[in-house]
Number of protein chains: 2
Amino acid sequence: MGRRNQHSREQQRDMAIAAAELILVREGFGGLSMRKVADAIGYTVGQLYLIFQNQDDLLATINERTTDAIYGHLRDRSEAIDEPLARLRALAAAYIEFAQRHPHRFRMLFEHQLPPAMEPRVSGELRIKRMFELVESNLAPLLPGAPPARLRQTAATLWGGVHGIAALAVSGKFKWAGNRDFERYSDELVSTFAAGLAAG
Amino acid sequence: MGRRNQHSREQQRDMAIAAAELILVREGFGGLSMRKVADAIGYTVGQLYLIFQNQDDLLATINERTTDAIYGHLRDRSEAIDEPLARLRALAAAYIEFAQRHPHRFRMLFEHQLPPAMEPRVSGELRIKRMFELVESNLAPLLPGAPPARLRQTAATLWGGVHGIAALAVSGKFKWAGNRDFERYSDELVSTFAAGLAAG
DNA sequence: CCGTGAAAACGGACAACGTTCAGAACAGCG
DNA sequence: CGCTGTTCTGAACGTTGTCCGTTTTCACGG
């Protein structure tokens, strides 16, 4: 038809992303289909494929936004805190909080995988890296004089651990523990780990 | 037709599970369809629905078997070790090893969720619980005189952490760390965490 | 050996999915 | 008005989970 609506390609893209995120939040990863997104923005499926390469492209785009959202949330929750250990605890708690508040977005970020045929997204990997660097910089004061390689490894260890608590919380496999206050676990993990660093 | 083949219902069930696990290992979670399973065992899809309630039922069954396999692997790798801390390290390393050796089975265990309409599987939850208790019992010597609630909480914290490293390893989001030897992370986590417990 | 009824298995149907693409419908220009 | 090129549609294809009417086969009674 040629520009039947008033929306530029860029606008269509934004609308599609917003609609997809709404569907994701409401119905979860599995309920997010290209057809539903197309219906929600008033276009047909075919048009979506002129905006996104395929469904994986759309999902990866949403995942990049989720990573940004987590990063922003971590910054917000930690910037007002001075003491490094308290900051790490706040970062961990914020991570858990995000996962519990946006379980579907969190899950899709880690469960969706690009098919091997598609080339990896550098922008997405950089965002993950940036998030880990936030931990790394806050961990540095606890390991004075440690070489960068050691610092990176320890940050990855600690943050992998925090991620595990969030992942289990969101997967529903943590029910047996009976405790729904998952910040307790992250608090204990960060505190005990830090104590171990200080002792070692 | 009435028993055209020689296979009892129980046998068909076993065949279907074995076939499904093979497909899962070869093609991943997303490539596992009811039709492929039916083809693989020489029956039609309809017949599969007389054996399993639906696809979720089949997947949950496989997940219970995966949990058993992890449990067995953890036992094998830890039973010959006397020292409690070394045992914990071995348990963590075994967990990581299983995740890396069977990424698709590991992922499905934590990524598949029963639809809310289906009643939760007590047998599956008990298996997860049993796995955590293995950690708990090996953690006890490090926390002499700790009340059971504290012990459970600490075991959950530590094992959540180990799980996070395995989950990140398997999700492919850990590439930035550059290190493919994930046991280093679990070793550091367990050792530092234990040092923190001893210090506190 | 044949007939019958119940159990077992098939196979086609349905809706929804991702993806593609020929052609229709429009905007702007001359 | 008519032409041109972009934009968009709508139908199609193959695959998925799930259901159910139909057919086939077996075990048993006569």
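Since the model is a prediction, treat every value here as computed from it, not as a measurement. Lettering follows sequence order; numbering is per chain, from 1.
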Whole angstroms only, please: what is the [atom1]-[atom2] distance between [X] and [N]?
{"X": "B:Asp39", "N": "D:dT15", "atom1": "CG", "atom2": "P", "result": "11 Å"}
{"X": "B:Tyr49", "N": "C:dA13", "atom1": "OH", "atom2": "P", "result": "18 Å"}
{"X": "B:Leu50", "N": "C:dA6", "atom1": "CG", "atom2": "P", "result": "18 Å"}
{"X": "B:Asp57", "N": "D:dG17", "atom1": "CG", "atom2": "P", "result": "14 Å"}
{"X": "A:Arg9", "N": "D:dT7", "atom1": "CZ", "atom2": "C1'", "result": "7 Å"}
{"X": "A:His112", "N": "C:dG18", "atom1": "NE2", "atom2": "P", "result": "11 Å"}
{"X": "B:Phe29", "N": "D:dG17", "atom1": "CZ", "atom2": "P", "result": "11 Å"}
{"X": "B:Arg35", "N": "C:dC17", "atom1": "CZ", "atom2": "C1'", "result": "12 Å"}

Open item on the list: For a 4.5 angstrom cut-off between non-hydrogen side-chain atoms, does B:Leu74 reach B:Val135?
Closed with: no

- [ ] Scan A:Gln53 against the nucleic acid and name what it touches under 4.0 Å (heavy atoms): base, sugar-phosphate only, or nothing.
- [x] nothing

Open item on the list: Donor-acceptor check, side chain of B:Glu136 to backbone of B:Glu133, threshold 3.5 angstrom: yes or no?
Closed with: no

TODO: Indicate yes or no for a side-chain donor-acceptor contact from A:His104 to the backbone of A:Phe29 under 3.5 Å, with no hydrogens or angles considered.
DONE: no

Open item on the list: Let's see if you can work this out: which of D:dG17, C:dC17, C:dA9 has an atom nearest to the side-chain heavy atoms of B:Thr44?
Closed with: C:dA9

Task: Candidate nucleotides D:dT18, C:dA9, D:dT9, ranked by approach to the side chain of A:Tyr43 - the nearest - done: D:dT9

- [ ] Return the 5'-most residue of the pair B:Gln55, B:Gln47 with respect to DNA chain D, ranking by each residue's nearest nucleotide.
- [x] B:Gln55

Open item on the list: Is it the case that atom CD in A:Glu83 sees more than 12 heavy atoms from other parts of the structure closer than 6.0 Å?
Closed with: yes

Open item on the list: Go nucleotide by nucleotide along DNA chain C from the 5' end; which of A:Gly46 and A:Gly31 gets its closest nucleotide reached first?
Closed with: A:Gly31

